[in-house]
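Reviewing the structure listed below.
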Amino acid sequence: MQHTQPTNIPQHAAPPQPWHSQRQWAATLAVIGVVGLIIAALYLIQTATTTITARELLEMDTYRQQLERNNELLHAEIADLQSLPRVMTRAAELGFREAHEDEIQYIIVEGYRYDRERITPTPTPSPTSPAAVYDETLSGWLRQQWDNLKRQWEAWRNG
Amino acid sequence: MLAVASILIVRLLSFQFYLDANTQRILERNRESRLYQTVEVQPNRGQIYDRNGYLLATNSYDYRVGISPNAVVDRQAVAAELAPLVGMTEDELYRALQPDENGILPNYVLLASRVDFATGQKIINLDIDGIVMETLPKRVYPQGALTAQIVGLYAGADNTRAGRGYYGVEGFYDALLAGQARRMTLSVVPVVEESNPTYVRDGISLELTIDRDLQHLAQEVLDEAVQEHQASGGTIIIMNPRNGEILAIANHPTFDPNNLTPETLELARNPAISDVYEPGSVFKVLTMAIALDAGTHDLNWSYYDPGCFEAGGVNICNWDRRSHGNPDFARVFIDSLNTGTATIFKEIGPYTVYPKLREFGIGSPTGVDLEGEASGILVEPGDPNWSEAQFLNTSYGQGVSVTPLQMLTAVNAIANDGLIMQPHIVRARIDGDEVIETHPSASHRPISEEAAHTARDILVRVLQESDEIEFEFPGYNVAGKTGTAEIPTPYGYEPFAPGNSIASFVGFLPADDPVVSVLIKLDRPYGYWGSKTAAPTFQKLLERLVVLMEIPPDATRYALMEQGGAPFMREYE
């Protein structure tokens, strides 16, 4: 009886070890764990950054509102300082007084152009129809009633 | 251990997937309210300026002050620091920070419903733990009572809700001034983006045609006139008849919009546009213009003046009840003869007169951009209250009611070559960097240019030739007419009773090239007559107005015009 050996099995190959596949699993898990940790860390960093930015934006918005309020208050304060009673009191303190019409002297400067107002642009007003004249006769009264009805109809039609 | 964990997991899964619909809805609603809140961000209300850029209305802020007692560590120290700033005694404030009878500290205690901005800033600077500051917008009117009835007022705002404008410009342009609020649903977790964002659009600012200095002048002259003539009130309106701009509206009495009380609120209406009155002889200006435009009368027309005559069942009398002989057309207006104007109206007839009065804007609002305008009263044929007597009374301004602005707008047609310009008070709208100007527009042409010029010349003669009118203003060509309207009592009219009339004056200058028109109205002056009360007031106003508006005397103006320069032009007919 001739004993034959399989030819496709290398003679130097080590036989499969029983813990080999467990090690592969552990490595895979470890890689997944590390990747997971990295993703979690990145997410945490991103979230933290976004949160900080959002808080900063909120603070900046509040600051902007504060500045706007301060601007408005400064406007009001300037307007108060420019109010006529204050200006007139200050002018009086400085020795100014209101000029009278007969104290004003107009000097005609040679070559000065006295340009008058130019009203522009305005729509051309629609020509006004001449006012209807009705006499005191029956026909006049009838024409007036008819015109009134026409006006009411036009008003109703135009809403 | 495994069994317990399994039970917990199953319970969690059942919560997630097998909850009954009602419970699920309630829980979701709770989640929404805990994780999200809807807030409305209010825009800044637009500001209001006069034509030279002076602020008439702007925004400011107050604070509402509250505190969370459970966040306060040293109550005694906090009470000592805060009490003087919130208007409480130290003891009151200390007690407010104590637990209630059940030993529980409240989450929030209101300390002051409104403190001004400076006080609020002091409180913020104290940096007290638990303090809650809420801003409350408010409107400030730097010119105070001076422009109160023009600008109107703004009320009803708190930290979450916008108020609204009432009366005047604030009321008429409320939607423009208010802007657009922003509603947004915010997550309490800052990383979650807001949903349904809209954008805040601040209100549009307005530049008015009002000149603050002219307004001050008008108010000062009016206040002095009211005091001098012991009147109960009055109005002065100054306009540019060429373009319809309102330069000043002064009323007496007025109110301080920065200090509103129920009593002052009653004065918020602007009598210049809201109150109607019988204009009296000032209305004869329209009678004159209608007669000249209709072609039924000219300068050569004359009539016999009996002093009084009966028509339509009533006695029509001149102011002096005397006959003036055979006055011509101009003399009717120079001497202000009621019999003359009644005769003219009788000759023209109501069916020509009333359509013309409508074209002058009598009986209709002028359409001015101010809230609260009245339309006046014009009783026409067909109305049960109309009668021939009323028609004839209308010729001299009795039996017809107008607002002061209506009256001046109608007279402006004579100053502006027969054309009525749309009266307006907003000169420009300012939306950020964009400025939209209001262009003048013509509303009616009630009379021809020729009729307007003839009427104007007669009005110049009224001031030059009338012996009764106390008015003298040398150097300037001024056109004008006085008016005295009797105020009816429950017992009828009581002529010439002191304090029982409305005295008025309407005029413009320079008559041949007007730049300004004025209406003065004094209510119940002791001096009774417009010629003795309103006319001298007009003179006092003009003496200062020509300086302020730099209107040169006629001689200087003509000399300047001879040197060249563009004449007055309008790009339409």
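What's counted below: heavy atoms across the whole structure, side chains too, no hydrogens, waters or symmetry copies. Treat the numbers as computed from the prediction; the structure is a model and nothing was measured. Each chain gets a letter, A, B and so on, in the order the sequences are listed, and its residues count up from 1.
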B:Y61 vs B:L136 side-chain heavy atoms within contact, under 4.5 Å: no
Contact check, side chains of A:E72 and B:Q47, non-hydrogen atoms, under 4.5 Å: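 Answer yes - side chains close enough.
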Contacting moiety of [X], where chain A heavy atoms sit under 4.5 Å:
| X | answer |
| --- | --- |
| B:R212 | both |
| B:I551 | backbone |
| B:V546 | both |

Main-chain N/O of A:R64 paired with A:R69 side-chain donor or acceptor, under 3.5 Å: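 Not confirmed, A:R69 side chain does not pair with A:R64 backbone.
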Ring geometry between B:Y63 and B:F117 (parallel below 30°, tilted from 30 to 60°, perpendicular above 60°):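 B:F117 vs B:Y63 ring planes: parallel.
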Inspect the contact between [Y] and [X] and indicate whether a charged nitrogen and a carboxylate oxygen are less than 4.0 angstrom apart.
| X | Y | result |
| --- | --- | --- |
| B:D513 | B:R242 | yes |
| B:D293 | B:R445 | no |
| B:E380 | B:R358 | yes |
| A:R90 | A:E93 | yes |

Answer with side chain, backbone, both or neither: which region of [X] has an atom nearer than 4.5 Å to a non-hydrogen atom of chain B?
| X | answer |
| --- | --- |
| A:E68 | side chain |
| A:N70 | side chain |
| A:L84 | both |
| A:E98 | side chain |
| A:Q105 | neither |

Residue A:F96 excluded, over 12 heavy atoms near CZ under 6.0 Å: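 Counting neighbours around CZ of A:F96, 12 or fewer heavy atoms of other residues, nucleotides or ligands fall under 6.0 Å, so no.
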Crowding at CD, B:E550 (>12 non-hydrogen neighbours, <6.0 Å):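 No, not enclosed.
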Members of residues 26-41 of chain A whose heavy atoms come closer than 4.5 Å to chain B: none
